[in-house]
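Keep in mind that what you see is a predicted model, and the values were worked out from it rather than measured. Each chain gets a letter, A, B and so on, in the order its sequence line appears, and its residues count up from 1.
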Number of protein chains: 2
Amino acid sequence: MSPYEAPEPTIGRLAIYLRCLRQAAKEGLQTISSADIEQRTGITSGQVRKDLSYFGEFGKPGLGYAVGPLLARLSKIMRLDREQKVIIVGGGNLGSALAGYLGFGESGFRIAAIFDKDEKKIGKKLWQHEIKDTAQLASFNSGAGVEIGVIATPASTAQEVCELLANAGVKAILNFAPVRLKPPAGVVVRNVDLTQELEVLSYFLPREAG
Amino acid sequence: MSPYEAPEPTIGRLAIYLRCLRQAAKEGLQTISSADIEQRTGITSGQVRKDLSYFGEFGKPGLGYAVGPLLARLSKIMRLDREQKVIIVGGGNLGSALAGYLGFGESGFRIAAIFDKDEKKIGKKLWQHEIKDTAQLASFNSGAGVEIGVIATPASTAQEVCELLANAGVKAILNFAPVRLKPPAGVVVRNVDLTQELEVLSYFLPREAG
DNA sequence: TAGATTGTTAATCGATTAACAATC
DNA sequence: TAGATTGTTAATCGATTAACAATC
C-alpha cells in the first residue's frame, strides 16, 4: 500500500538523504553526487543510487543530482512537502520533552495538541499547549485532521491510547511505551524503546578477557 | 569482540525476551516455551529458539525453558546482572525527560550524573541530580567508572561530547543528536533519531488514490 | 572528446523461516 | 509410552555490494 515499493531500510535512509540535502542547500550547493552524499552520511554511493532508483531517475551521469529538485522530489515522496501535524498523548516527562523538541527546532513537524487523561495534568500549560483531556481526542481531531500521533504514556495504557488515536483518524503512530501494540488495519506503528536501546548497548560493553 | 557471535537483530530481541521473562517470573510461571514467548512478543517460536541457540542450550525438549534460570542467563549475557549506571550529557528537555524516565521505572539503569556546559543550567537540580559542568566529566568518572553515556545535546556539540565521554572512559553511547558520530576505537554508538522516526512514519501515511 | 557519474544487473552476503530428528 | 518441544540443518528470502555499460 506504499506509493512506491521499496525496502523499509531505504525509507529510513531517505530521511537521512533529506537532512543531507537540506544542509547542502543551505551551503548553496547546486549539485551533489552520490559520492558526496557518501562522504556526508557514511552511506555508500552505490547504496544511495540504489535507494533513489526505487523512486525514479533523478541524476545526470557525469554531473550528479541537482540539490533543489532532488530535495523537492524526496520531500514529496516522504510527504514532507506539506506541514505535518502531530498529536502527543501523555503529558509526563517524555511527552513534554518531545513537545519541546519537536515544537522548536527545524524538524518541520508542528505540535497540534497534547492530551492526557490525568485530571491533575489536564489544563496545565506545556510550552504553548494547554493539556487536553483524552476524552476530547476524537472530537478535537474531527476538526484538526491530524494523521500522526505519538504515544508517550505508561505501557499499561498504550493499547487503549492506540485505539483512541485510531478512532480519531490518526493513521501513523510513534510508540514510546514498551509494549507491542495491536493497531487496527490501516494504522502504522513504529516503536522507540529507550530501555531496549540501553540494554543493547549494555551487551556491547567490553568484557574481561576469558 | 562480542562475547558470543550473534547477529545484531538477535541482541535487540534478547532485550525483548528479557522483558517477557521478567513478566512471566512476576506471574509466577516456572516454565515457558518458545511458543509461549511467540504469543507474548510476536516473535516466532523458531526465531526465539534460533536466537537463544547462539548462546547455548537453555531448554529441555518437551518442557520448554525454566523461567528463572533463563532470565539469569540472559541477564548475564546482556551484562544486566549488575547495576548499570548512565551518564547523561545535556540538561535540556530531552536530557531531563530521559533522566526522569530512566531514574524511576524498573528499567534497571541508574542515573550517575547529568552534565551540561551551559552555565545557566549548571548547579540546577534535575530530579535528584544537580547538573554538573561537562568540564568535570573526566574527573567525575575516574571515580565513578560509568561505562554508558547518553548524548542529549544539540547536534552541533554532539561530536565534542562524544570525545569527552570517550576520554572519560565511557564505552557505549546512546546518541539522540541527529549527526553521525565518529567515536574513537573501542566505543560503541547507537543512534536514536526522533525526527527520522517521524519522517519515516510520514512516508507511510496513506495517499490519495492515483 | 575524455572524465565523471549515473542507473541497473548480477553476485554476494546475512538473516529469517521451515522442517525434522533428537529427547525430555 | 505418546505428546510436546527443543536445537539445528537446509531452504528461502531480502537487502547490500560490486561492477559496468550508458550517457552527460
Pairs satisfying salt bridge (Lys or Arg N to Asp or Glu O under 4.0 Å), at least one member in residues 36-46 of chain A, at least two apart
A/E27-A/R40
The ring pair (Phe, Tyr, Trp, His ring centres under 6.0 Å) partners of B/Y17 (sequence neighbours excluded) come to none
Using the side chain to side chain donor-acceptor pair (under 3.5 Å) criterion, which residues pair with B/N175? Sequence neighbours excluded.
B/N191
How many angstroms lie between atom SG of B/C162 and atom CD1 of B/I173, to the nearest 0.5 angstrom?
4.0 Å
Indicate whether OP1 or OP2 belonging to D/dT16 is found under 4.0 Å from a side-chain N or O atom of A/Y54.
no
Write out all pairs satisfying ring pair (Phe, Tyr, Trp, His ring centres under 6.0 Å) with one or both partners inside residues 20-40 of chain B, taking only residues at least two apart or from two chains.
none
Ordered by number, residues from residues 25-40 of chain B within less than 4.0 Å of DNA chain C (heavy atoms) are none
Shorter than 3.5 Å, N or O on both sides, protein versus nucleotides 22-24 of chain C: list them out with atom names.
| from | atom 1 | to | atom 2 | distance (Å) |
| --- | --- | --- | --- | --- |
| C/dC24 | O4' | B/P61 | O | 3.4 |
| C/dC24 | O2 | B/P61 | O | 3.3 |

Does the pair B/R49 and B/S34 meet the rule for a side-chain hydrogen bond (donor to acceptor under 3.5 Å, both in side chains), with working shown?
CA-CA 7 Å; B/R49 295 198 301 280; B/S34 57; 3.1 Å; yes
Give every pair of a protein N or O atom and an N or O atom of nucleotides 8-14 of chain D that lie under 3.5 Å apart, one pair per line with the distance.
| from | atom 1 | to | atom 2 | distance (Å) |
| --- | --- | --- | --- | --- |
| D/dT8 | OP1 | B/E57 | OE2 | 3.3 |

So the side-chain hydrogen bond (donor to acceptor under 3.5 Å, both in side chains) pairs with at least one residue in residues 157-166 of chain A (sequence neighbours excluded) are A/T153-A/T157, A/Q159-A/E163
note: A/D51, atom CG; D/dT16, atom C1'; distance rounded to Å ~ 10 Å
Length of the CD1-P vector between B/I43 and C/dT17, whole Å:
10 Å
Non-neighbouring partners of A/R19 that pass side chain to side chain donor-acceptor pair (under 3.5 Å), sequence neighbours left out:
B/D193
Counterpart residues, side-chain contact (heavy atoms from CB on, under 4.5 Å), relative to A/R190 (two or more places apart)
A/E8, A/L174, B/E197, B/V200, B/L201
Using a 4.0 Å heavy-atom cut-off across all strands, classify A/T44 as base, sugar-phosphate, or nothing.
sugar-phosphate
For B/T41 and B/I37, indicate whether the former's side chain and the latter's backbone hold a donor-acceptor pair under 3.5 Å.
yes
Ring pair (Phe, Tyr, Trp, His ring centres under 6.0 Å) against A/F176, all qualifying residues, sequence neighbours excluded:
none
Encoded 5' to 3' (Watson-Crick or G-U under 3.5 Å; [ ] crossing; | other strand), DNA chain D becomes ..||||||||||||||||||||||
Considering only NZ, NE, NH1 and NH2 on the basic side and carboxylate oxygens on the acidic side, decide whether B/R13 and B/D51 come within less than 4.0 Å.
yes
